[in-house]
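Comments concern the structure below.
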Amino acid sequence: MESLGVLLTFPMNAYLESELARRCKLFRLWESPPERRQEFIRSNAAAIRAIVGNSHAGADADTIDALPKLEIVSSFSVGLDKVDLDKCRERGIRVTNTPDVLTEDVADLAIGLTIALLRRICVTDRFVRSGAWATQGDYRLTTRVLGCQKKLCYLENLGFGNPIKFNGKTIGIIGLGRIGMSVAKRAEAFGCPISYYSRSEKPNTGYKYYSNLLDLASNCHVLIVACPLTDETRHIVNRDVLDALGPKGVLVNIGRGPHVDEPELVAALREGRLGGAALDVYEHEPHVPEELFGMDNVVLVPHIGSATNETRDAMADLVLQNLEAHVMNKPLLTPVV
Amino acid sequence: MSNELLQYEIARPGAASAGAHSQPEAKFGASPLRSLPPPQAVGVNDATRPLPRRPRRSRPRCDFQPLASVDAPLIHALPSLGFVFTTSVGVDHIDLAECARRGIAVANAGTIFSRDVADYALGLLVDVLLRVSASDRYIRRGLWPIAGDFPPGRKLGGKRVGIVGLGSIGSEIAKRLEAFGCSISYFSRNKKPLFPYTYFPTVCDLAAESDVLVIACALTEETHHIIDKDVMLALGKDGIIINVGRGPLVDEAELVKHLIQGKIGGAGLDVFEHEPAVPEELFRMDNVVLSSHQAVLTIESSNDLVELAMENLEAFFSNRPLLTPVHGTT
């Protein structure tokens, strides 16, 4: 692959980068400052035949237009919202992604985020680390027997940030693809009934299908976004959906930031119209609305779905294998275009 | 014989205000008790509701006992006591032998919390491996735009998980872990042939063949510090320990040392040896998740618990079998 000029858009993985540097002719886009990037691309255009991008920086129309020798885009991600697929089809440029190898990690995270949110794990971790548990005792958890009338006692539990049971809650999944199915399988082990919204019903799942997202949101406790980002699914979680989910419902986004109307989400949380949210993705990463920082009914993680050493290595290998197959004129392993 | 159930305010020393208590309630302490008619049933709150009693022994950095104990002195002070109900599953804070001697019936929370504890154990494990709380802290400190992407965590799928104690909670944990693609083995007092998991006769043997240990057994004299230096050595430097049992199941000082020295991979701890004191060395670590003994706590389960308490009390006072009796007592 030594003659293959590869434009790497982002320092996404040290192993991938070192392998590309060793085996190909590597151009690192981030080494030039943003205002010089177009110039950097133009000046190396004759050599660049491949782009390796990710969910931060892919291959948009301008970049593709500037690279007349471009043959393949091998994305270090499963989502291809940052790749102009139509342009690639037009130009006959191949596109590959990294499905399957990251499915389990993302599904694990979806469930982990849901439990962390409902059971207030991050909140209690903050509480303990502040030293407050030792000094203040359990100020935040009081169980009092308020009254005893005949044989009835009324117990008021001022739970810590109102921890909510997870097992048995109805899970609503937007998109029942590989990741959605994997989330469903895990949630079932917790006794959670599964429903979903998808462009079309999937046969033989045993899960309840809703052809309308508002109906799904109205009828679940936890709404999990697991579909690809396309023009149709941009802001698919809008104010109406958030209101339908309601103050007893929570949103978990492991898809893409633009799936959710972020200002509406912040407003819904601020006003108590939504019960809570666990977010792995945001509209303008790495920027997260600071208003969320002070909320206990929110879990915020920095796009870590697929971010385990094992999975990142597997993704890197898949990118390299696709590039190799392309160079040797063999069938691509995970082509999308 | 009148069935009197007295209410006891659980006061927290140091708390500025425990809230208004308009009901006539008796403070549970040494002297007020003498002026009250002796109760026949005592409801004991668990864990995070400490009783202001004269401490039997002093504990470092801790003014009060974390559990409301039903010990021999208390039992002797209550000649009419016939029944103890504890809101916990654990009964290590109750002198069962003394209760048996006195013919006092004991009931606990049974299995009503098992699923919630299992959920919590999974939550802690995913948090430790995928670094949920650590990266949440990272974002809230404003570091993502400045310091870049958070370092990757470790995959859960394919991990070998060893469960210490395959009772009601342990088996619920196992069921969940299977859905995440983990392989399950266990240590228990007795082999459980109905479960398809690999049994190990000692915790050390279990640790040697595991990537993760989840502690879900009862605290007894035999299981005190069951997770000791040898077990941690067998588990290895990448090993993870999740404790949703009781603090004293783990040799905490050794665990802290191992974590500091990088001889263990991480820990998710809901319980500690001297609650609410937590070793401060842990506060700076990103490979641990710290929780204030709340694996049982959900709003829904609290309601279930009230019902269970009342049903047990009604059963006792009507001479019917208890719903969730603790074995080894009448």
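Reminder, nothing fancy here: chain letters follow the sequence lines and each chain counts from 1.
Thr124(A) contributes no side-chain N or O that, together with a main-chain N or O of Ser291(B), makes up a donor-acceptor pair within less than 3.5 Å. The closest donor-acceptor contact from the side chain of Glu310(A) to the backbone of Lys155(B) lies under 3.5 Å. With hydrogens and angles ignored, the 3.5 Å screen pairs a side-chain donor or acceptor of Arg119(A) with a backbone N or O of Asp116(B).
Of the inter-residue distances, the one linking Tyr138(B) atom OH with Ile304(A) atom CD1 reads 12.0 Å to the nearest 0.5 angstrom. How far CG of Asp119(B) is from OG1 of Thr114(A): 11.0 Å, rounded to the nearest 0.5 Å. In this structure, CG in Leu124(B) is found 9.0 Å from CD1 in Ile115(A), a value given to the nearest 0.5 Å. Atom CD of residue Glu188(A) and atom NZ of residue Lys175(B) lie 11.0 Å apart, to the nearest 0.5 angstrom.
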Test log, rule salt bridge (charged side-chain N to carboxylate O under 4.0 Å, His left out), inputs Asp136(B) and Arg126(A)
CA-CA 10 Å; Asp136(B) 179 287; Arg126(A) 278 199 289 277; 3.2 Å; yes
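The shortest non-hydrogen separation linking Arg176(B) to Asn167(A) is NH2-CB, 4.0 Å. The nearest pair of heavy atoms linking Pro286(A) to Trp144(B) is O-CE3, 3.3 Å. Val128(A) approaches Leu290(B) most closely through the heavy-atom pair CG1-CB, 3.8 Å. Heavy-atom minimum distance, Asp125(A) versus Arg137(B): OD1-NH1, 2.8 Å.
Residue Val128(B): no heavy atom, backbone or side chain, is found under 4.5 Å from chain A. With a 4.5 Å cut-off on non-hydrogen atoms, Phe113(B) does not touch chain A at all. For His56(A), the part lying near chain B is the side chain, with the backbone staying farther off; criterion is any non-hydrogen pair under 4.5 Å. Within the 4.5 angstrom heavy-atom criterion, only side-chain atoms of Asp127(B), from C-beta onward, approach chain A.
No other option in Ala179(B), Gly153(B), Ser135(B), Ser133(B) has as many heavy-atom pairs under 4.5 Å with chain A as Gly153(B). Among the candidates His303(A), Met12(A), Glu285(A), the residue making the largest number of heavy-atom pairs closer than 4.5 Å to chain B is Glu285(A). When each of Val301(A), Val299(A), Asp108(A) is scored by its heavy-atom pairs under 4.5 Å with chain B, the top score falls to Asp108(A).
Annotation: side chain of Ile111(A) is not in contact with side chain of Val126(B) (no heavy-atom distance under 4.5 Å). Side-chain contact between Phe293(A) and Ile139(B): present, with at least one pair of heavy atoms (C-beta onward) separated by less than 4.5 Å. In this structure, the side chains of Ile164(A) and Glu300(B) come closer than 4.5 Å at one or more pairs of heavy atoms. Looking only at side-chain heavy atoms (C-beta outward), Val298(A) and Arg140(B) come within less than 4.5 Å of each other.
For Glu290(A), the CD atom counts as loosely surrounded, since its 6.0 Å shell holds 12 or fewer non-hydrogen atoms of other residues, nucleotides or ligands.
Seen from the ring of Phe190(A), Arg115(B) does not count as a face-on cation partner, given the 6.0 Å and 45° thresholds.
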